[in-house]
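Step one of this worksheet: look at the structure below.
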Amino acid sequence: MGGMLAADTDQALPSPADLSGRLLPWFDAHHRTELPWRRPGTTAWGVLVSEVMSQQTQVARAAPVWEAWMARWPTPADLAAAPTADVLREWGRMGYPRRALRLQECARIVATEHGGVVPADPAELEKLPGIGVYTAAAVAVFHYGRRHAVVDTNVRRVVARLGGQSDAGTATTKADLAAAESLLPEDAPTAARVSVALMELGALVCKARAPECGTCPVSGLCGFSGQEVPAGPSRKRQKYKGTNRHVRGEVMALLRDAEGPVERARIDAVWPDRRMLDEAVAQLITEGLIGTDEAGRFELPSR
DNA sequence: CAGCCGTGGCA
DNA sequence: TTGCCAAGGCT
């Protein structure tokens with residue numbers, strides 16, 4: 001599309017009817033039933049928690065944390081009332097602990113401003129901290145059955161390949177959302193199932209590095225079917241070892257595992273570069289991920 | 001909008 | 001072993 005010459009690999013996307021006809025029977029037969037948040041009776045809050053935990057963390061790692069988390073704090077009010085230190089410890093080693101902080105803020109807002117009821121409207125959900133375009137759509141569609149495009153990295157890749165490209169761009173664009181929306185049938189419950197199924201297809205079959213076109217239910221509709229995935233990273237990757245994030249991770253790990261407040265000398269032992277350490281500690285305090293007691297020792301925030 | 005924010009599974 | 005890649009969001 002667009003004014004420039006289209007790549008010769010571009011291909012029209014399938015019609016909603018054609019896609020649904022292939023995709024939904026496949027989903028019914030092959031989707032993962034073991035994901036705990038897919039159990040009947042999971043609340044809207046439970047779905048929201050599962051989506052936040054799954055942001056940039058593999059669902060297999062999020063699942064056991066979700067189980068313990070929901071058993072301990074079943075409702076937004078429960079999480080809102082918890083000490084933040086407990087929340088960060090339960091989050092464990094899932095990474096990006098700011099997500100845990102924002103999830104608790106989310107719980108406080110839902111509990112106090114929404115009467116404990118998770119909004120069903122994507123625009124309303126997006127106002128909550130840590131809830132972006134993807135997560136808002138996921139809650140609205142997966143729990144409330146709305147007809148709305150749900151575009152994560154899996155769906156971007158599936159839609160790109162259906163259109164003949166080897167992979168999607170670096171970020172979700174309006175065009176991505178429009179393309180995904182164009183694949184949805186009119187009927188909302190069916191559209192919601194198509195959205196789930198597109199994600200599942202990306203996770204199980206249309207995988208980033210090794211797509212299994214031979215067993216793909218929509219290979220007959222796909223412009224990329226059977227082609228080789230180009231070698232090398234699909235986009236620029238960030239370093240971790242030796243970076244600020246690494247330092248932050250070490251400090252957080254120390255405080256998570258500590259019994260009580262920690263002396264600065266023990267913090268100093270986790271990283272040799274004093275400048276980097278000072279910077280990381282200052283950031284963590286500013287962001288509310290760690291705090292200090294009256295004696296100047298460090299600890300996870302009590303509230 | 002490009003860069004930043006953790007951590008671990010897996011090929 | 002090393003490095004890609006994860007149900008993204010925020011600034």
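Each chain gets a letter, A, B and so on, in the order the sequences are listed, and its residues count up from 1. This structure is a prediction, so every number in the text was calculated from the model and none was measured.
The backbone N or O of A/Ala82 lies less than 3.5 Å from a partner atom in the side chain of A/Gln104, making a donor-acceptor pair. Between the side chain of A/Asp278 and the main chain of A/Arg275, no donor-acceptor pair closer than 3.5 Å is present.
Both A/Arg248 and A/Thr170 lie close to DNA chain B; mapped to their nearest nucleotides by heavy-atom distance, the more 5′-ward contact belongs to A/Thr170. In terms of position on DNA chain B, the residue among A/Arg209 and A/Lys236 whose nearest nucleotide sits closer to the 5' end is A/Lys236.
Using a 4.0 Å heavy-atom cutoff across all strands shown, A/Ala208 reaches sugar-phosphate atoms only and no base atom. Using a 4.0 Å heavy-atom criterion, one finds that A/Gly95 contacts the bases of the nucleic acid, with or without backbone contacts as well. If you check every strand for non-hydrogen atoms under 4.0 Å, A/Thr135 touches sugar and phosphate atoms only. Within 4.0 Å of A/Ser234, counting heavy atoms only, lie sugar-phosphate atoms of the nucleic acid but no base atom. A/Val155 comes within contact range of no nucleotide atom at all, as no heavy-atom separation falls under 4.0 Å. Residue A/Trp91 is out of contact with every strand shown, counting any heavy-atom pair closer than 4.0 Å. Residue-level contact check: A/Leu289 touches neither bases nor backbone, having no heavy atom under 4.0 Å from any strand. Looking at heavy-atom distances under 4.0 Å, A/Glu287 makes no contact with the nucleic acid at all.
No hydrogens or angles considered: nothing links the side chains of A/Glu51 and A/Gln55 as a donor-acceptor pair under 3.5 Å. A/Arg157 and A/Ser234 are not linked by any side-chain donor-acceptor pair at a separation below 3.5 angstrom, with hydrogens and angles left out of the test.
Applying a 4.0 Å cut-off to non-hydrogen atoms, the residues of residues 38-69 of chain A that approach DNA chain B are A/Gln56, A/Thr57, A/Gln58, A/Arg61, listed by residue number.
Note: A/Tyr240 and A/His246 have parallel aromatic rings, judged against thresholds of 30 and 60 degrees for the angle between ring planes. Between A/His31 and A/Phe27, the angle of the ring planes stays under 30°, which puts this pair in the parallel group of the 30/60° scheme.
Between C/dA7 and A/Arg157, no contact under 4.0 Å exists linking OP1 or OP2 to a side-chain N or O. A close approach under 4.0 Å does occur between a side-chain nitrogen or oxygen of A/Asn244 and OP1 or OP2 of B/dC5. An OP1 or OP2 oxygen of B/dT7 is reached within less than 4.0 angstrom by a side-chain nitrogen or oxygen of A/Tyr240.
In this entry the distance linking CZ of A/Arg237 with C1' of B/dC5 reads 14 Å, nearest Å.
A/Arg32 contributes a side-chain N or O that forms a donor-acceptor pair with the base of C/dA7 under 3.5 Å.
The separation of B/dG3 from C/dC4, taken at their P atoms, amounts to 16 Å, rounded to a whole angstrom. Spacing between C/dC5 and B/dG6 at atom C1', rounded to whole Å, works out to 14 Å.
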